**Q** 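Quick one: this structure, given as structure tokens, is what I'll be asking you about.
In each ligand, atom 1 is the first atom listed, and ligand 1 is the first ligand listed. What you are looking at is a predicted structure, and each value in this text was computed from that prediction instead of being measured. Note that the numbering runs from 1 along the sequence shown for the chain.
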Amino acid sequence: MITQILKVNSEDFDKVIKKAANILTKGDIVAFPTETVYGLGAHGLSSESVKKIFKAKNRPADNPLILHISNYKMLDDIVAENIQPYKEILNHFWPGPLTIILKKNSKVPSIITAKLSTVAVRMPANKVALALIEKCGFCLAAPSANLSGRPSPTYAKMVYSDLNGRIPLIIDGGSCHLGLESTVLDLSSERPRILRPGIITFEELQPFLPDLVRSFSGEIEKNLSPGMKYKHYKPDVNIIVINSLKDILEAKKKFKVSKICIISLEQIKTDEEVLIYDNTEQLSKNLYRDFYELEKKGYDLICIKKFESKGIGKALNNRIKKAADYIF
Ligand code: TXA
Ligand code: MG
């Protein structure tokens, strides 16, 4: 299969969206940009189409997918509950990097939810993604557009590198604005809880959900969000999570490496190469891109210092720990 990449710009925006929507309507799959990471989309209510996502990504069947919508009617159409009580929180965070889990209705094929009785839904804040879903007129099932286990792609070249020959079309909408996957919020249990931390933080959600479970627990995450038990976000470079610069010396011995890069929020005195970011937002935006580019440049070790466990730091710690070969 030949994989076409189509750039979206103002002149041919409608043309590209129309072409992609045609492919999706026929039951095939298309990679498209969102504000978090690139997604690999298929008709969200068609088991046959969704099967193609699992095949193209080598994704394990017990890892459920998120349905992407462009309006509230699409949400109403797929869940088994009244959405009115959730309108306040959704109006605040949607479109945006928040995925909610609610009880599903019978229209949602079990392949999407890995046989769970709940479904994950998100309205992305990206012009291309919203226009595409709107043009299709149906919701799009879309995991991140990488081979299973690899870093989520945050620009079109990363998608191409993983999925070239496996999908017919990539819509190139430039770099993703946020760079980390959405926060996954379970609203189907007795108390709301975060199953995957993201750019929308506990601190931001709590005022809307006074009952929100305080601590994010990896154990809860593993049990309730089946996908989270797998190795994730991992380039073909060793990654270690360090507490201090001293750990780098030890890591060098352990891994017998030569080409090292440190990703950091602080200036550090070292002879090694360092990528420094001003804040957690900047670092989040570039983390997967750096993983990919350092891999391509032949680095054999990436060192990242643990983040302060608050705000976006929680999401960053979650991702780097999952990607890590060793944690100090
Ligand atoms: O930002 C994002 O969320 C991106 C973009 C493309 O929207 N998508 C994404 O999808 O990260 P994916 O498939 O890589 O991650 C979906 C996560 C997995 O951890 C999965 O286990 C969880 O959502 N999930 C999906 N349905 C669920 C459900 N019914 N109950 C619990 N967890 C669920
Ligand atoms: Mg993913």
**Q** Looking at Lys157 and Asp172, is there a salt bridge between them, counting it only when a charged N and a carboxylate O are closer than 4.0 Å?
**A**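 Not counted as a salt bridge, because no side-chain N and carboxylate O are separated by less than 4.0 Å.
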**Q** Atoms of ligand 1 less than 4.0 Å from Ala120 heavy atoms?
**A**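 The atoms of ligand 1 under 4.0 Å from a heavy atom of Ala120 are 25 (C), 26 (N), 27 (C).
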**Q** Leu116 heavy atoms, cut-off 4.0 Å: which ligand 1 atoms fall inside?
**A**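 Atoms satisfying the 4.0 Å criterion: 28 (C), 29 (N), 30 (N).
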**Q** Taking the six-membered ring for Trp and the single ring otherwise, decide whether the centroids of Phe93 and Phe208 are under 6.0 Å apart.
**A**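 Yes.
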**Q** Any ring pair (Phe, Tyr, Trp, His ring centres under 6.0 Å) involving residues 238-260? Give me the pairs, sequence neighbours left out, ordered by first then second residue.
**A**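 Applying ring pair (Phe, Tyr, Trp, His ring centres under 6.0 Å) to every pair that reaches into residues 238-260, excluding sequence neighbours, yields nothing.
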**Q** For atom 9 (C) of ligand 1, which candidate among Gly39, Ser152, Ser144 provides the closest heavy atom?
**A**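 It is Ser144 whose heavy atom sits nearest to atom 9 (C) of ligand 1.
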**Q** Check for me whether Ile66 has a heavy atom closer than 4.0 Å to any atom of ligand 1.
**A**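 A heavy atom of Ile66 does come that close to ligand 1.
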**Q** Salt bridge or not for Lys259 and Glu273, using N-O below 4.0 Å?
**A**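 A salt bridge is absent here (no side-chain N lies under 4.0 Å from a carboxylate O).
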**Q** Check whether more than 12 heavy atoms from other residues, nucleotides or ligands sit under 6.0 Å from atom CD of Glu204, and answer yes or no.
**A**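 Enclosed.
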**Q** Mind checking whether Thr34 has an N or O less than 3.5 Å away from an N or O of ligand 1?
**A**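 No - when backbone and side-chain N and O of Thr34 are compared with those of ligand 1, no distance drops under 3.5 Å.
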**Q** Do NZ/NE/NH1/NH2 and the carboxylate oxygens of Lys51 and Glu48 come within less than 4.0 Å?
**A**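 Salt bridge between Lys51 and Glu48, a charged N being under 4.0 Å from a carboxylate O: yes.
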**Q** Using 4.0 Å as the upper bound for N to carboxylate O, is an ion pair formed by Glu293 and Arg289?
**A**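 Judged by the 4.0 Å cut-off on N to carboxylate O distance, Arg289 and Glu293 do form a salt bridge.
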**Q** Just go through Lys57, Glu35, Arg196 and tell me whose heavy atom is the nearest to atom 11 (O) of ligand 1.
**A**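 The nearest heavy atom belongs to Arg196.
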**Q** May I ask you to list the atoms of ligand 1 that are less than 4.0 angstrom from any heavy atom of Asn63?
**A**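 Result: 18 (C), 20 (C), 21 (O).
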**Q** So if I apply the side chain to side chain contact (heavy atoms under 4.5 Å, CB included) rule between Ile101 and each of Thr118, Val121, Leu116, which one comes out positive?
**A**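 In the set Thr118, Val121, Leu116, the residue that makes a side chain to side chain contact (heavy atoms under 4.5 Å, CB included) with Ile101 is Thr118.
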**Q** Look at atom 25 (C) of ligand 1 and find which of Ala31, Ala145, Ala114, Pro64 reaches it with the closest heavy atom.
**A**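 Nearest heavy atom to atom 25 (C) of ligand 1 lies in Pro64.
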**Q** Using distance alone, decide if ligand 1 has a nitrogen or oxygen within less than 3.5 Å of any nitrogen or oxygen in Thr118.
**A**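 There is such a contact, yes.
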**Q** With a heavy-atom distance limit of 4.0 Å, tell me whether Asp186 approaches ligand 1 through its side chain, its backbone, both, or neither.
**A**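 No part of Asp186 is near ligand 1 at this cut-off.
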**Q** Should Lys18 and Asp14 count as an ion pair when the cut-off is N to O under 4.0 Å?
**A**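 The answer is no: the pair does not qualify as a salt bridge.
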**Q** What pairs with Asp271 under side-chain contact (heavy atoms from CB on, under 4.5 Å), at least two apart in sequence or on another chain?
**A**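 Partners of Asp271 by the side-chain contact (heavy atoms from CB on, under 4.5 Å) criterion come out as none, since no residue qualifies.
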**Q** Going by the order shown, which atoms of ligand 1 are within less than 4.0 Å of some heavy atom of His68?
**A**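 The list of qualifying atoms is 5 (C), 6 (C), 7 (O).
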**Q** Looking only at distances, please establish whether an N/O atom of ligand 1 is found under 3.5 Å from an N/O atom of Tyr38.
**A**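 No - when backbone and side-chain N and O of Tyr38 are compared with those of ligand 1, no distance drops under 3.5 Å.
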**Q** Please tabulate, for side-chain N and O atoms in residues 128-147, each donor-acceptor pair with protein atoms closer than 3.5 Å (sequence neighbours left out).
**A**
residue	atom	partner	partner atom	Å
Glu134	OE1	Ser70	OG	2.4
Glu134	OE1	Asn71	ND2	3.4
Ser144	OG	Asn146	OD1	2.7
Asn146	ND2	Arg150	O	3.2

**Q** Hey, which atoms in ligand 1 end up nearer than 4.0 Å to a heavy atom of Thr36?
**A**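 Going through ligand 1 atom by atom, the ones under 4.0 Å from Thr36 are 1 (O), 2 (C), 4 (C), 5 (C).
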**Q** So, taking the atom named CG in Asn318 and the one named CD1 in Ile312, what distance separates them when rounded to the nearest 0.5 Å?
**A**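 That separation rounds to 13.5 Å.
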**Q** Would you mind checking if Lys252 and Glu272 are paired as a salt bridge, meaning a charged N to carboxylate O distance below 4.0 Å?
**A**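 Yes.
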**Q** Are Tyr233 and Tyr288 near enough that their ring centres are under 6.0 Å apart?
**A**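 Distance test on ring centres: under 6.0 Å, yes.
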**Q** Does the residue Lys104 have a heavy-atom contact with ligand 1, meaning some pair of atoms that are separated by less than 4.0 Å?
**A**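 The answer is no: ligand 1 sits nowhere under 4.0 Å from a heavy atom of Lys104.
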**Q** Less than 2.8 Å away from the Mg ion (ligand 2), how many protein N/O/S atoms can be counted, ignoring water?
**A**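 Under the 2.8 Å cut-off, the count stands at 1.
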**Q** Which of the numbered atoms in ligand 1 are under 4.0 angstrom from any heavy atom belonging to Leu195?
**A**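 So the atoms of ligand 1 that pass are 31 (C).
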**Q** Mark up the atoms of ligand 1 that fall under 4.0 Å of a heavy atom belonging to Pro143, in ascending order.
**A**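 Counting atoms of ligand 1 from 1, those under 4.0 Å from Pro143 are 10 (O), 12 (P), 13 (O).
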**Q** Out of Ala141, Pro33, Ser182, Ser188, whose heavy atom sits nearest atom 2 (C) of ligand 1?
**A**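 Heavy atom nearest to atom 2 (C) of ligand 1 belongs to Ser182.
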